[in-house]
Each structure stands twice: as structure tokens, then as C-alpha cells.
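Read through the structure below, which is laid out as C-alpha cells, and then see the notes.
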Amino acid sequence: MTLLLVGLLILLALLGLPLFVALAGGSLLATYNAGLDPAILAVELNRLASSPHLAAIPLFTFAGVILAAGGAPQRMIQLFNASVGWLPGGMAGVAIASCAFFTAFSGASGVTILALGGLMFPMLLHAGYKERFTLGLLTTSGSLGLLFAPSLAILLYGIVAGVSIDQLFIAGVVPGFLLMLMLGLYALYIGRKANIPRHKFSVAVLAGALREGVWDILLPVGILTGIFGGFVTITEASACTAVYVLLLEGVIHREIHLIKHLPVLLRDTAVLVGSILIILSVAMGLTNLLIDAQVPMKILEWMSLHVDSQLQFLLLLNAFLLIVGCMMDIFSAIVVVAPLILPIAESYGVNSIHLGIIFLANLELGYSTPPVGINLFIASQRFGRPVLSLFRAAIPFLVLMVIWLALITYVPFLSLWWKQ
Amino acid sequence: MLLNEPRLITGFRHALIRMESFMAGASLLMLLGLIFGQVLARNFFSTGIPHAEILSRYMVLYVAFFGAVLAVESSKHIRIDVVAACMKPENIRRLQPPLYLISSILCGIMTWAAIRFWYDDWQYAAEHERWSSILALITPFGFSLLSLHFLLGAVFSPAKVNSES
């Protein structure tokens, strides 16, 4: 009977039942089977609310929503174009750098493709890049800054897994830049091969772009200095970021009208945050019930019979997470899968911070893979191309990302250099 | 099959959405004010805002619940609709009422569980902690709103909250 109900819930979820409802159903079923009072699910919800960094999620999201609605995308493109656009493959490099910067703030919720894709697409075509390359680049770049502070995915992983968010921020730096470098080198190769004409470097243009974009560039510097300098906590940094961004877009650049636009921006933030945190609130109960029922231990027992080494485990983990990334969106995957994998990974000696980076990197790849890669759907909507042709265009980038994933999985030093 | 929505219900839903949008926005602003105020108070006045930590904890829940309720009306909840992605749009539309009805029932059960937890908490709360128990009402209230919106969506259709309104 229980199996039948679980199967029914999974089927309903696949048909489009909101994930949090499916998880709530699973939680209620689990409490019923364990002979527990379903009121303990509300206890878990209260426990979640007392998580020290939880408030950072709505506030960083708010900052991202304001930046997206204001003129930050244009200013970023202008600045990166003036500074690296003159290099071979420079325009593609501009797309990579702008998307990475923007995704770190917008939380890879598809806003990057919507906000930057529309601007970069005609610019890249005009520069002489082929449409297929351009589409592939913009589709995969939509999740590029996922490992950079203050990415929503890192915050969520830190809260769910109970690991240090500060350490995750440091651990994500080298893998994040490594991916940007690899994609940049590929863009350089394509630029050279297609003989893309380059524009001249101009100090005057760079100075003008710097004047416009300097306040945006100071943002990540300020956040990292504040957190790692010990001046503010992560939650306080998120509040300072939101206030700074409000002043930046509302007072300095005047891209948003604080009275007219604020209610819509607040509501958009609440919808985005609500759709993620409600999953977290019901999933916490379910995963804890599964942990109480020793499910990870049972998986571990089975795995210890078939998986002998850490290397084997990491290979299996990559394969599993790639499948998860293809089937689930990143936020639900973090909430549902991370707590179950953590104890197993620890038993194989995988560092919890390194695991976080591997976890997020796998899901970053999943963003651009069918059937539910959200980048593919948003890019399809934005550029008016079928999902499959976008997937084909993204394949060279995905191959590079798989190589990158293998590097960061099997060379832990890239994520943990600061611990040596 | 979805029914035509009577004007009374339409008015009620719009009023509800306006209230929820206001509450979500006000909670987010209050959360921002509390945490930023704490930074200022600590660094410039060597003090703190009383009960700021507890209040901000609840404000996150308020943003989350009212945001989740608004996400129902704008169909923005996260789904793993792998099967639905391969279906025709009219079949997906046909599936909506039963899925919303199931969602309404499950959220109703969660409401009941949350009420029971809240009532226990209220009974054993010390007199000076009662104010935070009142704030904790957001959990049953939030689930009941979710249940109501799913029910309205099952009988009629989601009320289409767009970014411009």
C-alpha cells in the first residue's frame, strides 16, 4: 500500500503536481507509517526558520531582482566589452564574464538568459559569430556564475547540508574561474578560426564604462571583504547588498522608481523565494524521517558491497547527480538529495565542502540538458528556437563542462587549496 | 472541467491577492529593515534592536508563505513535470483541476497538523513569549491560504498574477 502511494505521488509529480505538494504528501505518508504525529512536520518548519543564514536567501534574491530590473546587465556588458572585448574571441568573453557576474546575483533562476541573452545575441551575431555557437554559448552561460558568492544555490546548499557557507564561497572561486577560462579559450579558438574582426582598445571608452559600472563591480568586492574581513555575517551582508543595490538603481542610476516599481520587485522576490523555501520547509521533515528510518545507512550498506574506493564512489556520484540534474531543478535537487548523500559521501572520505562544489557543478550541467534543463526552455522562449536545436548547439560547451567537472571532482585541491 | 468564475469570487480573489502581495512585500521590507538596522545599531551605536532576531526569523516565514501563495496564482511553483513536458497543452490543462484539488487536500492536512502544533506551543508558552506564538500563526495560516488558492484554482482557474499589476 505504501509503495503504491509513493508510486502515485511520483507519478503525480511527473505529471505536474507542484514539488512541495508531492513532498508534503510523502512527509505525511512517512509520519503515518512511522506512527508519528504529523505535527512534527511543523516542528521541522520552525527548526528551519531558526537556521542562522536563512534570511540571506530572500535578501540576496531581492538584490538580484533589483539588478535585473535595473540597468546592471547593460552596464556589465559595456564594461566587459571595453575591457576584454578587443581581445581575440573578446565578444564571447564579454558574454561569459557578464553572465557569470550576473548569475551569482540573480541565482541562476533563468534571469540571466532573459536579461543578458537578449542583449548579447544580436551583439555576438553582429560581431561575426555563427548563430549555433552564439546560441550554445548563451544557453550554457545562463548558469555560469553558480559557484560564485553570493549564489543562491551555494546559500541553499550550505543551509541544507549544514556546512560553512563562507568556506563554500572560497571553495567555489577556483572551479568557477576555471570554467570561465576553459569556455573563454574555446571562444578564442572559435574567434580565431572564424577570423572574427576585433574592435580597437580605447582608454576613453574603458574610462566611460568604468564610470558607469564601477559601483556594480564594487558589489562582490564589498560582500567578500565584509564577510571574510569579519565585519558582517552572511545575513548582514545580504541586507547591506540589498540596500546598496536599491540606492544604486534607485538613486545613483535612477533605473528604477522606488515608489512605482518597488511593489512589483518585492512581489517578484517573494514569489521566487516562496517557491523555493516552501519546498525546503516540507522536504526537511521528509528527509529527516528518511534519515531516522536509516535510509542513507541502508544505501551505504548496499554500496559498501559494490563500491570499494573513493574514486569509484565519485564516479557513481557524478553519474547519479548528472541524472538528477537532468530530471530536477537545482533548488529541489539540493533540498531533496543533498541530505541523503552527505553521510554516504563522508563515509567514503569525501570532504563536505568539496562534495558541495561537486554537487553544484553537476547540477550546473543539468541546467542545459533535457528533459528539464531550465536554460534550454528559457533560451527557447527568449530566442524562439526549438529546445532540441538549442541542446545541439550547447553540446560543445557541455563537453567542456564535463571535462571541467571531472577536473574538479578528481582534483580536490582546486576546491580545497585554502585548507592546505 | 473548469467553471466560469462568478464576479463575487473574482473580486474576492483579487482582494486576497492584493492583501497577500502587500503582506509579502511588507514582510520583506521589514526583514531588510531589521537586519540592516541591526548592522547600523551595532556598528554606530553599540546596541541592538530588541527581539530583532526572532522577528526576522518570522519575517522569513511570512515572505516564504505569502510568496508561495502568490506562486500558486501565477503558476510559478517548481515542478518536475517530465511527463507533462511531452504532453499536448490541452491535456495539461485537463490535468490541472485534479492536480490542484489534490494539492488543496494535502495543504489542508498540513494546515491541520500546523494548527495542532501551534496550539500545543501556545498552551505551554510563557506569558512573555506569547507574542512570538501569535507570529507563529503564519504556519497554519499560510498552509490554509495555499489550500484555498489551490481549491479556487481547481474549481475555476489560477487568477493570473502578472508582474505589471
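Proteins come first, then strands; the chains are lettered A, B, ... in the order of their sequence lines, and each starts at number 1. Quick note: numbers below take in every heavy atom, side chains included, and nothing from hydrogens, waters or symmetry partners.
Looking at B/Phe150, the atoms closer than 4.5 Å to chain A (heavy atoms on both sides) all sit in the side chain, from C-beta outward. Proximity to chain A is absent for every atom of B/Leu40, based on heavy atoms less than 4.5 angstrom apart. Of the two parts of A/Val387, neither the backbone nor the side chain holds a non-hydrogen atom closer than 4.5 Å to a non-hydrogen atom of chain B. For chain A, no part of B/Ser56 is nearby; none of its heavy atoms comes within less than 4.5 Å. For B/Trp112, the part sitting under 4.5 Å from any heavy atom of chain A is the side chain, from C-beta outward, and nothing else. Heavy atoms closer than 4.5 Å to chain B are found in both the backbone and the side chain of A/Leu17. Within the 4.5 angstrom heavy-atom criterion, no atom of A/Ile10 approaches chain B. Within the 4.5 angstrom heavy-atom criterion, no atom of B/Phe22 approaches chain A. Residue contact with chain A, scored on non-hydrogen atoms closer than 4.5 Å, involves the side chain of B/Leu95 exclusively. Using a 4.5 Å cut-off between heavy atoms, B/Leu61 contacts chain A through its side chain alone, with no backbone atom that close. The part of A/Ser332 that comes within reach of chain B is its side chain, from C-beta onward, which places non-hydrogen atoms under 4.5 angstrom from that chain. Heavy atoms closer than 4.5 Å to chain B are found in the side chain of A/Leu41, but not in its backbone. Heavy-atom distances place both the backbone and the side chain of A/Pro18 under 4.5 Å from chain B.
To the nearest 0.5 Å, atoms CG (B/Leu106) and CG (A/Leu23) are separated by 11.0 Å. Atom NZ of B/Lys76 sits about 9.0 Å away from atom CG of A/Leu272, to the nearest 0.5 Å. Here CG of B/Leu34 is found 12.5 Å from OG1 of A/Thr235. Values are rounded to the nearest 0.5 Å. A distance of 6.0 Å separates OG1 in A/Thr269 from CG in B/Leu28, rounded to the nearest 0.5 Å. For the atom pair CG of A/Leu54 and CG of B/Leu31, the computed distance is 9.5 Å after rounding to the nearest 0.5 Å. Within the model, atoms CG of A/Leu15 and CD1 of B/Ile92 stand 9.5 Å from one another, a figure rounded to the nearest 0.5 Å.
Other residues, nucleotides and ligands contribute only 12 or fewer heavy atoms inside 6.0 Å of the CZ atom of B/Arg7. For A/Glu255, the CD atom counts as densely surrounded, since its 6.0 Å shell holds more than 12 non-hydrogen atoms of other residues, nucleotides or ligands. Heavy atoms of other residues, nucleotides or ligands lying less than 6.0 angstrom from CZ of A/Phe228 number more than 12.
Between B/Ile35 and A/Glu236, the closest heavy-atom pair is CG2-CA, 3.9 Å. Considering all non-hydrogen atoms of both residues, B/Ala68 and A/Ile278 come closest at CB-CB, 4.0 Å. The shortest non-hydrogen separation linking A/Ser275 to B/Ala71 is CB-CB, 4.4 Å. Between B/Leu32 and A/Ala242, the shortest heavy-atom distance links the atoms CD1-CB, 3.7 Å.
A/Ile279 has its side chain out of reach of B/His77: every pair of non-hydrogen atoms, C-beta onward, lies at least 4.5 Å apart. Between B/Phe65 and A/Leu277 there is no side-chain heavy-atom pair separated by less than 4.5 Å. For the pair A/Ile57/B/Val60, no side-chain contact is recorded, criterion being any heavy-atom separation below 4.5 Å from C-beta on. Using a 4.5 Å heavy-atom cutoff, the side chains of B/Phe36 and A/Ser238 are not in contact. Side-chain contact between B/Phe143 and A/Val282 is present, with at least one heavy-atom pair separated by less than 4.5 Å. In this structure, B/Arg57 and A/Asn46 have side chains that are not in contact, with every pair of non-hydrogen atoms separated by 4.5 Å or more. The shortest side-chain heavy-atom distance between A/Pro38 and B/Ile109 does not fall under the 4.5 Å cut-off.
The candidate from B/Gly25, B/Ala24, B/Ser103 with the greatest count of non-hydrogen atom pairs under 4.5 Å with chain A is B/Ser103. Among A/Ser281, A/Cys240, A/Ala24, the residue making the largest number of heavy-atom pairs under 4.5 Å with chain B is A/Cys240. Ranked by heavy-atom pairs shorter than 4.5 Å toward chain B, the options A/Val43, A/Leu280, A/Leu262, A/Val273 are led by A/Val43.
By the 4.0 Å N-to-carboxylate-O rule, B/Glu20 lies too far from A/Arg267 to be salt-bridged with it.
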